[in-house]
Chemist: 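Can you keep this structure in mind? I'll have questions shortly.
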Amino acid sequence: MPKSQISAAARIHPLARAFYARDPRRVARELLGKILTRQVAGGVRLTARIVEVEAYLGKNDPAAHTFGGLTARNSVLFGPPGHAYVYFIYGNHYCLNVSCEPDGCAGGVLFRALEPLSGVEEMARARGVELNGPKDLVKLTAGPGRLCEALSITRSRDNGCDLTSAKSSLWIGDDGTRARGIRTTPRIGVTKAADKPWRYLLNGNPFVSRPHFK
DNA sequence: ATATCGATTATCT
DNA sequence: GATAATCGATATG
């Protein structure tokens, strides 16, 4: 195989801001198969493929954190697209979103599950998980709270982070992989607008948080 | 395999 | 003072 193809497949390039300046449902669908990268101290790079996301609309979506308007917590979602919105939930967990739509509009996409690609040992340490076999890998990043813990994502560290720059410690890139078998279901854990099918996942991927949805 | 429940706190009413 | 875009443990079939 030509050398150029090898390096092309390995190279991850950041998604441009324009990618996020659209309807969150479109962004969510197209984020499947992309790569979330966490650069940690010591030059270690943690990477994981996005396999499950949910869209939250900037308008007319009662399940969205922005439904009631601008607050201190949700202000990043009202800002320019491509930035991290991190919130704390249930007294225990952080969840990661990326802001969508143009500046002033408040849509976003929640990251629900990732497939670990590199830095698995670091993720296991952050999660407090002992790795004894391939089956333990799903405990690392299958779930919005879990993936944040695996990548050490917190509100104080990462809220507002620019996810379009490879210079950021957290950013999103494309390695050329084409997502296949996209499925939609209602969103998990929401009590309002529970009928809207705005959860997107890679059908059959073992790292999805809830593969068997009723 | 599915159901239920407790933990724990930032945020908003 | 109530709620929440969750997780892990426990119970039961």
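Naming: A, B, ... by sequence-line order, numbering from 1 per chain.
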Chemist: Would one find a side-chain N or O of A:Arg146 under 4.0 angstrom from OP1 or OP2 of C:dA5?
Modeler: no
Chemist: With respect to the side chain of A:Phe88, which nucleotide from C:dA5, B:dT8, B:dT9 is positioned closest?
Modeler: B:dT9
Chemist: Searching all strands shown, indicate the nucleotide that pairs with C:dA5 (Watson-Crick or G-U wobble; both distances under 3.5 Å).
Modeler: none
Chemist: Is it the case that the base of C:dA5 and the side chain of A:Tyr87 share a donor-acceptor contact (distance under 3.5 Å, atom types as modelled)?
Modeler: yes
Chemist: In whole Å, I'd like the distance from the NE2 atom of A:His65 to the C1' atom of C:dA4.
Modeler: 7 Å
Chemist: Measure from NZ on A:Lys196 to P on C:dA5 and round the result to the nearest Å.
Modeler: 17 Å
Chemist: Give one of base, sugar-phosphate or nothing for A:Arg127, where a contact means two heavy atoms less than 4.0 Å apart.
Modeler: sugar-phosphate
Chemist: Which whole-number value in Å describes the distance from A:Glu130 CD to C:dG8 P?
Modeler: 15 Å
Chemist: Over how many whole Å does the gap from A:Tyr85 atom OH to C:dA4 atom P extend?
Modeler: 14 Å
Chemist: Go through A:Arg157 and A:Ser152 one step at a time and tell me if the side chain to side chain contact (heavy atoms under 4.5 Å, CB included) criterion holds.
Modeler: CA-CA 9 Å; A:Arg157 273 185 71 172; A:Ser152 301; 3.7 Å; yes
Chemist: Which part of the nucleic acid, if any, lies within contact of A:Gly145, taking any heavy atom under 4.0 Å across all strands shown: a base, the sugar-phosphate backbone alone, or nothing?
Modeler: sugar-phosphate
Chemist: For A:Arg155 and A:Tyr90, take the nucleotide of DNA chain B holding the closest heavy atom to each; which residue's nucleotide lies nearer the 5' end?
Modeler: A:Tyr90
Chemist: Mind calculating the distance between NE2 (A:His93) and C1' (C:dT6) to the nearest angstrom?
Modeler: 4 Å
Chemist: To the nearest Å, how far apart are A:Leu96 CG and C:dT6 C1'?
Modeler: 15 Å
Chemist: Scan A:Asp175, A:Thr141, A:Asn205 and name whichever one has a side-chain hydrogen bond (donor to acceptor under 3.5 Å, both in side chains) with A:Arg49.
Modeler: A:Asp175
Chemist: Would you mind checking if A:Asp158 and A:Arg38 are paired as a salt bridge, meaning a charged N to carboxylate O distance below 4.0 Å?
Modeler: yes
Chemist: Within 45 degrees of the ring normal and closer than 6.0 Å to the centroid, is that where the cationic atom of A:Arg22 sits relative to A:Phe19?
Modeler: yes
Chemist: Over how many whole Å does the gap from A:Tyr56 atom OH to C:dA5 atom P extend?
Modeler: 7 Å
Chemist: Any base atoms under 4.0 Å from A:Arg73, or only sugar-phosphate, or nothing? Heavy atoms, all strands.
Modeler: sugar-phosphate
Chemist: In whole Å, what is the span from the CZ atom of A:Arg199 to the C1' atom of C:dT6?
Modeler: 14 Å
Chemist: Salt bridge between A:Asp23 and A:Arg26, side-chain N to carboxylate O under 4.0 Å?
Modeler: no
